[in-house]
S.K.: 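I have a structure I would like to understand better, so I am pasting it below and will then ask my questions one at a time.
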Amino acid sequence: MVDNGSGIAPDLLPRLFDPFFTTKAPGEGTGLGLSVCQSIVTSMRGRIDIESTLGHGTTFAVVLPPAPPVAVTLVAGPAAPTAPPPAAPVAADGGPAPDARHRVLIIDDEPVVRRVVANMLADQGFAVVEASGGQAGIDHALAAEFDAIVCDLMMPGRDGVAVHDELTRRRPALATRMVFITGGAVSPRTRAFVDRADVNVLPKPFSVDELVATLARLIATPPPG
């Protein structure tokens with residue numbers, strides 16, 4: 001991921017992945033976004049490299065090990081006729097349509113967190129759609145079919161609670177298949193929300209295995225009544 005922003009001061013670079021470290025104003029961030037990214041990438045035996053120049057921008061590179069080779073056994077015999085491959089499906093925007101078994105919507109206002117989670121789930125065989133905030137997430141959830149939603153709890157504007165409330169009214173079955181990622185509820189409203197028995201919460205930082213297991217459980221559970 002590359003941006004052309006103001007860059008990061010050299011003395012701050014060693015602290016970027018520290019949990020709860022943030023340069024944002026109080027109430028604008030939890031300081032867990034990059035910590036979550038590092039946790040996920042580390043669980044995949046990878047690393048995150050950073051290059052930053054003040055006044056020019058920052059580059060984050062996710063480096064992952066190659067997939068292990070797949071053993072192939074060749075069996076002698078007559079060659080079977082090969083059917084031509086089907087035409088690749090095309091999405092509404094003209095690009096290739098996702099062909100994974102389960103579609104997951106990721107709602108997070110932090111671009112780095114959103115992209116890392118999306119890439120990790122795509123590597124696990126999910127078809128992923130990204131939404132940059134609560135309202136965008138609601139719009140996506142109402143416009144298309146999804147098997148599950150990964151939603152940040154604390155976001156500016158319409159937060160995770162507001163997204164859940166809206167989908168409970170308009171897409172109740174989908175609302176039961178939401179998992180909320182959070183570094184901690186910071187208001188009585190959000191604390192009461194995460195304490196509900198019907199709300200699925202995954203505390204930051206989490207591993208990709210924890211996220212995949214939670215999604216698999218939600219997708220396999222029939223919606224209530």
S.K.: Between D123 and V208, is there a side-chain heavy-atom distance shorter than 4.5 Å?
M.R.: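 No; the side chains remain at least 4.5 Å from each other.
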S.K.: Quick one: CG on L218 to OG1 on T176, what's the gap to the nearest 0.5 Å?
M.R.: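 One gets 7.5 Å once the value is rounded to the nearest 0.5 Å.
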S.K.: Please report the interatomic distance CD(E166) to CG(D139), rounded to the nearest 0.5 Å.
M.R.: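 Going from the CD atom of E166 to the CG atom of D139 covers 9.5 Å.
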S.K.: Verify the cluster assignment for V117 and I219: are they in a single hydrophobic cluster under the rule of side-chain heavy atoms below 4.5 Å apart?
M.R.: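 Yes, it is one cluster - the side chains of V117 and I219 are joined through contacts under 4.5 Å.
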S.K.: Quick one: does any side-chain atom of R103 pair with a main-chain N or O of V129 as donor and acceptor, under 3.5 Å?
M.R.: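 Pair absent, no side-chain N/O of R103 close to backbone of V129.
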S.K.: Under 30°, 30 to 60°, or over 60°: which ring-plane class applies to F126 and H102, parallel, tilted or perpendicular?
M.R.: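 Ring orientation of F126 relative to H102: tilted.
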S.K.: With side chain to side chain contact (heavy atoms under 4.5 Å, CB included) as the criterion, how do L167 and R177 come out once you've worked through the C-alpha distance, each side chain's angles and the decisive distance to 0.1 Å?
M.R.: CA-CA 11 Å; L167 295 185; R177 297 194 300 275; over 6 Å; no
S.K.: Around R217, counting heavy atoms of other residues, nucleotides and ligands shown, do more than 12 lie under 6.0 Å from its CZ?
M.R.: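 More than 12 within 6.0 Å, yes.
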S.K.: Could you state the interatomic distance from OG1 (T214) to CG (N200), rounded to the nearest 0.5 Å?
M.R.: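 These two atoms lie 7.5 Å from each other.
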S.K.: Taking S52 for the side chain and I8 for the main chain, is one N or O donor matched with an acceptor at less than 3.5 Å?
M.R.: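 The answer is yes, because a donor-acceptor pair under 3.5 Å joins these two groups.
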S.K.: Looking at every heavy atom in both R171 and A141, which two are closest together, and how far apart are they?
M.R.: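 That closest heavy-atom pairing would be NH1-O, 2.6 Å.
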S.K.: Atom CG in N119, atom CD in E130: separation rounded to 0.5 Å?
M.R.: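 Reported to 0.5 Å precision, the distance equals 7.5 Å.
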S.K.: Could you tell me whether the side chain of D147 and the main chain of V104 form a donor-acceptor pair under 3.5 Å?
M.R.: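 No; zero donor-acceptor contacts below 3.5 Å.
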S.K.: Closest heavy-atom contact between D152 and M154?
M.R.: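 Heavy-atom minimum between the residues: OD2-O, 3.0 Å.
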S.K.: Which heavy-atom pair separates V194 from V199 by the least distance, and what is that distance?
M.R.: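 V194 and V199 have their closest heavy atoms at CA-CG1, 4.4 Å.
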S.K.: Output yes when a side-chain donor or acceptor of R158 lies under 3.5 Å from a complementary backbone atom of Q135, and no otherwise.
M.R.: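 No; judged by distance alone, with no hydrogens or angles, the pair does not exist.
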